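Take a look at the structure below.
Side chains are part of it too, since the values below use all heavy atoms of this structure and drop only hydrogens, waters and symmetry mates. Every value quoted in this text rests on a predicted model; they were computed, and no experiment measured them. Remember, it's 1-based here, ligands and their atoms both numbered in the order they're listed. Quick note: residue numbers are just sequence positions, from 1.
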Amino acid sequence: MNEKHIIKISKFLSLILRHNPQKINLTLDANGWANIDDIIANTKHLTLTKELILLVVENNDKKRFALNDDHTKIRASQGHSIAIELGLAAKEPPEILYHGTAERFVDSIKQQGLIKKNRQHVHLSSDKNTAINVGQRYGKPRVLVINTKAMRLDGIEFYLSENNVWLVDSVAVKYISF
Ligand code: HQG
């Protein structure tokens with residue numbers, strides 16, 4: 001199966017598992033899991049088999065998807081816009097984390113801090129290069145440094161997704177170095 005088709009499946013899975021399961025009349029449970037057989041049965045416009053889905057999960061560059069123990073269910077590990085309880089335990093982050101954004105958003109972030117917009121969390125990374133890659137999806141990248149140590153001292157909780165993205169509800173301006 002060619003690379004293009006794999007990427008197409010990955011994008012389609014992101015769409016239905018993070019944002020719009022109704023598109024194929026799919027039901028996610030409260031924790032975001034969908035039956036793989038239901039996805040296959042309800043998808044008409046793409047060639048989809050269980051083998052292909054497992055291949056996408058395994059080879060995905062950012063490990064965006066997770067399987068349950070018996071490989072009957074799949075979910076997105078982060079990035080949802082729909083309300084999903086990922087069931088993650090709060091975790092102690094490193095003393096700083098990075099957020100990748102675009103130059104054109106910086107003035108607004110200086111006013112409002114980081115907000116989650118359409119998603120369920122603000123996404124942070126422990127790695128500067130990841131932040132640059134995330135930021136450049138929206139224009140000239142800009143990396144912000146987040147004082148997570150100060151946030152923790154103020155009682156703010158952090159969560160780590162299965163694919164190592166740090167998640168938080170919001171980041172006030174006072175914790176951000178521009
Ligand atoms: C910005 C990708 C103006 C924020 C990545 C970002 C990530 C503000 C954009 C995941 C703002 C939202 C999420 C404010 C935040 N004013 N702009 N007050 N606060 N922003 O895509 O973090 O490839 O929803 O800086 O790897 O960019 O899809 O969030 O630029 O983990 O798997 O508003 O998506 O993963 O954009 O990316 P997004 P994000 P995938």
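- Of all the atoms in ligand 1, the ones that sit under 4.0 Å from a non-hydrogen atom of Lys62 are 2 (C), 5 (C), 23 (O), 26 (O), 35 (O), 40 (P).
- Between Lys50 and Ile40, the shortest heavy-atom contact is N-CD1, 3.4 Å.
- Just one of Leu15, Ile39, Asn42, Ile82 meets the side chain to side chain contact (heavy atoms under 4.5 Å, CB included) condition when paired with Pro21; it is Ile82.
- Atom 2 (C) of ligand 1 has its closest protein heavy atom at Arg137 NH1, 3.5 Å.
- For ligand 1, the atoms sitting less than 4.0 Å from at least one non-hydrogen atom of Leu114 are 15 (C), 19 (N), numbered in the order shown with element in parentheses.
- In terms of heavy atoms, Ile115 sits closest to Gln112 at CD1-OE1, 3.8 Å.
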* Apply salt bridge (Lys or Arg N to Asp or Glu O under 4.0 Å) to the pair Arg64 and Asp61, showing each step before the final yes or no. => CA-CA 8 Å; Arg64 289 180 178 86; Asp61 56 347; 2.7 Å; yes
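- Close contacts between ligand 1 and Tyr138 involve ligand atoms 21 (O), 27 (O), 30 (O), 36 (O), 38 (P) [criterion: under 4.0 Å to a heavy atom].
- Using a non-hydrogen distance threshold of 4.0 Å, Lys116 does not register as a contact of ligand 1.
- Checking Val171, Val173, Val165, Ile109 against atom 14 (C) of ligand 1, the nearest heavy atom belongs to Ile109.
- Annotation for Arg119 and His19: closest pair NH1-CE1, 4.3 Å, computed over non-hydrogen atoms.
- Geometrically, Lys91 does not engage Phe158 in a cation-pi contact defined by less than 6.0 Å to the ring centre and at most 45° from the axis.
- Contact annotation for Ile115 and ligand 1: heavy atoms of both the backbone and the side chain come within less than 4.0 Å of the ligand.
- The two residues Thr130 and Ser125 have their closest heavy-atom pair at CB-OG, 3.8 Å.
- Residue nearest to atom 16 (N) of ligand 1, selected from Ser108, Pro141, Gly139: Ser108 (by heavy-atom distance).
- Looking at Ala102 next to ligand 1, no N or O pair under 3.5 Å apart turns up.
- Counting protein heavy atoms only, atom 29 (O) of ligand 1 is closest to Arg119 NE, 3.7 Å.
- Residues Lys63 and Glu162 are not paired through a salt bridge, judged by the lack of any N-O separation under 4.0 Å between the basic side chain and the carboxylate.
- Closest to atom 40 (P) of ligand 1 by heavy atom, among Arg64, Gln112, Lys110, is Arg64.
- Protein heavy atom in closest approach to atom 4 (C) of ligand 1: His99 NE2, 3.4 Å.
- The ligand atoms of ligand 1 that sit less than 4.0 angstrom from a heavy atom of Arg18 are 28 (O), 32 (O), 40 (P).
- Neither the backbone nor the side chain of Gln111 comes within contact range of ligand 1; no heavy atom lies under 4.0 Å.
- One side chain, Asn163 or Ser161, offers a donor N or O that lies under 3.5 Å from an acceptor on the other.
- The closest approach between a heavy atom of Gln78 and any atom of ligand 1 is below 4.0 Å.
- Neither the backbone nor the side chain of His121 comes within 4.0 Å of ligand 1, counting heavy atoms alone.
- Across the listed options Gln136, His123, Lys11, Arg142, His123 owns the non-hydrogen atom lying nearest to atom 13 (C) of ligand 1.
- Not a single heavy atom of Ser14 sits less than 4.0 Å from an atom of ligand 1.
- Side chain to side chain, Asn60 and Ser10 meet the donor-acceptor criterion of an N or O pair below 3.5 Å.
- Around atom CD of Glu95, no more than 12 heavy atoms belonging to other residues, nucleotides or ligands sit under 6.0 Å away.
- Protein heavy atom in closest approach to atom 33 (O) of ligand 1: Lys117 NZ, 3.0 Å.
- Stacking of Lys117 on the aromatic ring of Phe105 is recorded, both the 6.0 Å distance cut-off and the 45° axial limit being met.
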